[in-house]
Amino acid sequence: MGGRAGAAGSDRDYSFVSPVVKYLVFLFNFIFWIISLVMVAIGVYARLMKHAEAALACLAVDPAVMLMIVGFLMFIITFCGCVGSLRENICLLQTFCICLTVVFLLQLTAGILGFVFADKARDRVTGMINNAIVHYREDIDLQNLIDFGQKEFGCCGGVTYTDWSQNLYFNCTQGNPSRERCSVPFSCCILSADKVVINTMCGTGMQHLQYVEAGDHIYTNGCIDKLVNWIHTNMFLLGGVALGLAIPQLVGILLSQILINQIKDQIELQHYNLKHRFDPWS
């Protein structure tokens, strides 16, 4: 009798939920939860440091806003994963798993559509770059981002250097009172390593010059062609980055689904034990 009672007690104490899986899911979510908080904090700080009128002028292309949106979505999703794993809550874990699956599928769809409809994607990128050029002087983050891209890729403007005429300050209209009229940003300039003194005004009046003549002083090719060429020459690198982003998501989906199944098995065991509490032989 004592042996049978001990066996019944050990069955009631048994748990299908693996502590390893449970705390792996928690740790996975906790790391990305911290990252999401940092992203939101950086986005809010960058937003508060700007003038309100400049922030409203280019809301759609503001990197700070994009950082806050992505960080907030990550915060909500990983919060569900953290609490769901600790509390063994199926509803929260399923919410986390579904959201992560949707994000993964959206990324996969965007990659496939970008590859299939490359021309339309190029037109979309062209529109975004032109919009960024228009708001160049209105947003310091956007300005730094454009300057970084033009220096790194050795380019100027979207399609060509004269695209900078779309900007209010660089516009070539005769009545434009700006001191930068018909110029291009300093980031378009070709800098020689042997020059001791750097001419920060090297982009002045460059839109007045012909393509070949301007090419002696600034980068005349647009950033879109440079970006396309960079993508073609770095396909393996981009594939590795895409795989690096996909693996954590797939691991999170797999672990959360395993934990959900374990919790369901544990609930069934508890129901069975409750039903047969008074009659272990039934």
Side-chain angles (χ1 to χ4, degrees), residues 25-85 92 95-111 113-114 121 124-153 158 167-169 185 187 223-224 227 230-231 237-238 240-253 256:
V25 174
F26 170 76
L27 183 63
F28 174 87
N29 284 279
F30 183 74
I31 292 172
F32 285 97
W33 185 71
I34 295 296
I35 293 173
S36 69
L37 285 177
V38 173
M39 290 172 63
V40 172
I42 293 173
V44 171
Y45 175 78
R47 198 71 177 157
L48 292 175
M49 290 297 102
K50 300 175 184 178
H51 298 294
E53 61 273 13
L56 292 173
C58 62
L59 189 66
V61 294
D62 189 355
V65 173
M66 295 302 297
L67 199 63
M68 285 191 292
I69 292 173
V70 174
F72 179 75
L73 291 176
M74 277 183 61
F75 176 85
I76 296 298
I77 294 173
T78 53
F79 179 80
C80 290
C82 280
V83 177
S85 59
L92 288 176
T95 301
F96 165 74
C97 189
I98 291 170
C99 288
L100 205 58
T101 304
V102 169
V103 170
F104 175 77
L105 291 177
L106 286 175
Q107 291 174 347
L108 184 63
T109 304
L113 290 177
R124 179 65 177 170
V125 172
T126 302
M128 292 174 61
I129 292 177
N130 288 335
N131 191 34
I133 288 174
V134 170
H135 298 293
Y136 175 75
R137 289 294 191 205
E138 300 169 14
D139 190 318
I140 189 63
D141 288 342
L142 188 63
Q143 181 175 319
N144 291 334
L145 183 63
I146 293 173
D147 287 339
F148 174 79
Q150 291 191 147
K151 289 177 181 178
E152 286 296 310
F153 290 109
N167 184 275
L168 180 65
Y169 296 91
S187 56
C223 293
I224 295 173
L227 180 61
W230 184 87
I231 291 173
L237 175 63
L238 293 174
V241 172
L243 188 63
L245 291 173
I247 287 176
Q249 295 177 30
L250 292 174
V251 169
I253 294 169
S256 61

- prompt: For residues 69-83, which residue pairs qualify under salt bridge (charged side-chain N to carboxylate O under 4.0 Å, His left out), counting only residues two or more places apart or in two chains?
  reply: none
message: Suppose the criterion is side chain to side chain donor-acceptor pair (under 3.5 Å): which pairs have a residue in residues 26-40, not counting sequence neighbours?
response: none
Nearest heavy-atom neighbours spanning [X] and [Y]:
{"X": "P185", "Y": "Y136", "answer": "CB-OH, 3.5 Å"}
{"X": "F32", "Y": "F28", "answer": "CD1-O, 3.2 Å"}
{"X": "I253", "Y": "T101", "answer": "CD1-OG1, 3.6 Å"}
{"X": "M39", "Y": "G71", "answer": "CE-N, 3.9 Å"}

Partners meeting side-chain hydrogen bond (donor to acceptor under 3.5 Å, both in side chains) with [X] (sequence neighbours left out):
{"X": "N144", "result": "none"}
{"X": "E152", "result": "none"}
{"X": "Q249", "result": "Q107"}

Euclidean distance, [Y] [atom2] relative to [X] [atom1], rounded to 0.5 Å:
{"X": "Q143", "Y": "H135", "atom1": "CD", "atom2": "NE2", "answer": "14.0 Å"}
{"X": "I42", "Y": "L67", "atom1": "CD1", "atom2": "CG", "answer": "6.0 Å"}
{"X": "L168", "Y": "R137", "atom1": "CG", "atom2": "CZ", "answer": "11.0 Å"}
{"X": "W230", "Y": "L237", "atom1": "CH2", "atom2": "CG", "answer": "5.5 Å"}
{"X": "L250", "Y": "F104", "atom1": "CG", "atom2": "CZ", "answer": "4.5 Å"}

Under the side-chain contact (heavy atoms from CB on, under 4.5 Å) rule, collect the residues that match up with [X], sequence neighbours excluded.
{"X": "I98", "result": "V102"}
{"X": "L145", "result": "P63"}
{"X": "I247", "result": "L243, V251"}
{"X": "I69", "result": "V65, L73"}

Heavy atoms of other groups near Y169 OH, more than 12 under 6.0 Å: no
query: Of all residues at least two apart in sequence or in a different chain, which pass the disulfide (SG to SG under 2.5 Å) check with C223?
result: C155
Could you list the donor-acceptor pairs under 3.5 angstrom formed between side-chain atoms of residues 74-85 and any protein atom two or more places apart in sequence or on another chain?
| unit_1 | atom_1 | unit_2 | atom_2 | d |
| --- | --- | --- | --- | --- |
| T78 | OG1 | M74 | O | 2.6 |
| T78 | OG1 | F75 | O | 3.3 |
| S85 | OG | G81 | O | 2.9 |
| S85 | OG | C82 | O | 2.9 |

- prompt: Judged by atom type as modelled, is there a donor-acceptor pair below 3.5 Å linking the side chain of N131 to the main-chain atoms of G127?
  reply: no
